[in-house]
Visitor: 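Below is the structure I would like to discuss, written out as structure tokens.
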Amino acid sequence: MVRRPVAWIVALVLFAEALGVLAVNWFLGVVVDRQDMSLAGLDPDVMSVSSKAGGVVFALYFGLCGLVALLVALRDRAPAGFGKVLLISAAVVHALLGAFAWGLIGWTAFLLMVVVLALIVLLLMTYDGRPEGPEPVGAGAPVSPPAAPTAP
């Protein structure tokens with residue numbers, strides 16, 4: 001009942017997060033490049049390119065996780081193999097980001113990361129392999145061989 005909507009929401013959130021991470025890192029790279037200042041002797045051009053490259057890498061990662069969630073929503077099947085590992089790693093990344101956000105940014109960023117973490121975990125937990133709906137009659141009953149015919 002809630003499996004597909006959760007998968008759609010997770011896909012949308014991860015795609016939005018990919019764009020947000022890309023935009024923030026690109027902006028930080030432009031700021032570092034325009035200030036033309038050094039941080040502990042590091043080359044500003046290297047810091048600028050590193051920020052932009054990190055933004056692209058994380059945007060691709062979150063975009064790929066969003067693609068897995070989108071495929072789950074379209075197929076209405078549990079993620080398997082690499083897709084499941086990717087979503088589990090995204091949940092771990094959001095848990096770590098939430099922990100860092102609490103200390104560095106504040107409780108609102110922590111709450112956002114926990115909500116995304118909860119959505120990913122809910123997506124992974126709602127697809128438990130059982131079909132949705134009532135259980136068919138006779139399901140779970142042991143199968144016994146047919147009885148031998150008796151003579152009249």
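If you read the sequence from its start, that first residue is 1, and numbering goes on from there.
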Visitor: Could you state the interatomic distance from CZ (Arg4) to CD1 (Ile9), rounded to the nearest 0.5 Å?
Guide: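 Separation between the atoms: 14.0 Å.
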Visitor: Say you draw a straight line from CD of Glu17 to CZ of Phe58; how long is it, rounded to the nearest 0.5 Å?
Guide: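 If I round to the nearest 0.5 Å, the distance is 10.5 Å.
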Visitor: Do Val46 and Leu42 have side-chain heavy atoms sitting under 4.5 Å apart?
Guide: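 Side chain of Val46 against side chain of Leu42, heavy atoms only: no contact under 4.5 Å found.
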Visitor: Apply ring pair (Phe, Tyr, Trp, His ring centres under 6.0 Å) to Trp102 and list each qualifying residue two or more places apart in sequence or on a separate chain.
Guide: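 Partners of Trp102 under the ring pair (Phe, Tyr, Trp, His ring centres under 6.0 Å) test: Phe110.
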Visitor: Please give me the minimum heavy-atom distance between Ala109 and Ala101, naming the atom from each residue.
Guide: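 For Ala109 and Ala101, the tightest heavy-atom pair comes out as CB-CB, 3.8 Å.
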Visitor: Can you measure from CG (Leu119) to CG (Leu122) and round to the nearest 0.5 angstrom?
Guide: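 Answer for the CG-CG pair, Leu119 versus Leu122, is 7.0 Å.
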Visitor: To the nearest 0.5 Å, what is the distance between CD1 on Ile120 and CE on Met125?
Guide: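 The distance works out to 14.0 Å.
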Visitor: Say whether Val92 and Leu14 are linked into one hydrophobic cluster, either directly or through other cluster members, by side-chain heavy-atom distances under 4.5 angstrom.
Guide: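 No, separate clusters.
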Visitor: Do Phe62 and His94 have side chains that approach each other closer than 4.5 Å (heavy atoms only, starting at C-beta)?
Guide: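 The answer is yes; the side chains approach within 4.5 Å.
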Visitor: Go through the structure and list residues passing side-chain hydrogen bond (donor to acceptor under 3.5 Å, both in side chains) with Ser89, not counting sequence neighbours.
Guide: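 For Ser89, the residues satisfying side-chain hydrogen bond (donor to acceptor under 3.5 Å, both in side chains) (neighbours in sequence not counted) are Tyr61.
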Visitor: Taking atom CZ of Phe15 as the centre, report whether more than 12 heavy atoms of other residues, nucleotides or ligands fall under 6.0 Å from it.
Guide: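 Yes, the 6.0 Å shell around CZ holds more than 12 heavy atoms from other groups.
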Visitor: Does Val114 share a hydrophobic cluster with Leu97, counting links as ILVMFWY side-chain heavy atoms below 4.5 Å and allowing steps through other members?
Guide: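 No, separate clusters.
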Visitor: Can you get from Leu104 to Val93 by hopping between Ile, Leu, Val, Met, Phe, Trp and Tyr side chains that sit under 4.5 Å apart?
Guide: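 No: no chain of side-chain contacts under 4.5 Å links Leu104 to Val93.
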Visitor: Would you say Leu28 and Asn25 make side-chain contact, with heavy atoms under 4.5 Å?
Guide: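 The answer is yes; the side chains approach within 4.5 Å.
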Visitor: Is there a path from Val21 to Val56 through hydrophobic residues (I, L, V, M, F, W, Y) whose side chains come within less than 4.5 Å of each other?
Guide: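 No.
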Visitor: Shared ILVMFWY cluster between Leu60 and Val116, side chains joined below 4.5 angstrom?
Guide: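 As far as the 4.5 Å side-chain criterion goes, Val116 and Leu60 are not connected within one cluster.
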Visitor: What I'd like to find out is whether the side chain of Lys52 reaches to under 4.5 Å of the side chain of Val30, using heavy atoms alone.
Guide: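 Yes; the side chains approach each other to less than 4.5 Å.
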Visitor: Is there a donor-acceptor pair closer than 3.5 Å between any side-chain N or O of Ser48 and the backbone N or O of Pro44?
Guide: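 No, the answer is negative, given that no donor and acceptor are paired below the 3.5 Å cut-off.
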Visitor: Donor-acceptor pairs under 3.5 angstrom involving side-chain atoms of residues 63-77: please list them, not counting sequence neighbours.
Guide:
unit_1, atom_1, unit_2, atom_2, d
Asp76, OD1, Tyr127, OH, 3.0

Visitor: Could you measure the distance from the CE atom of Met47 to the CG atom of Asp33? Nearest 0.5 Å is fine.
Guide: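 Atom-to-atom, Met47:CE and Asp33:CG are 9.5 Å apart.
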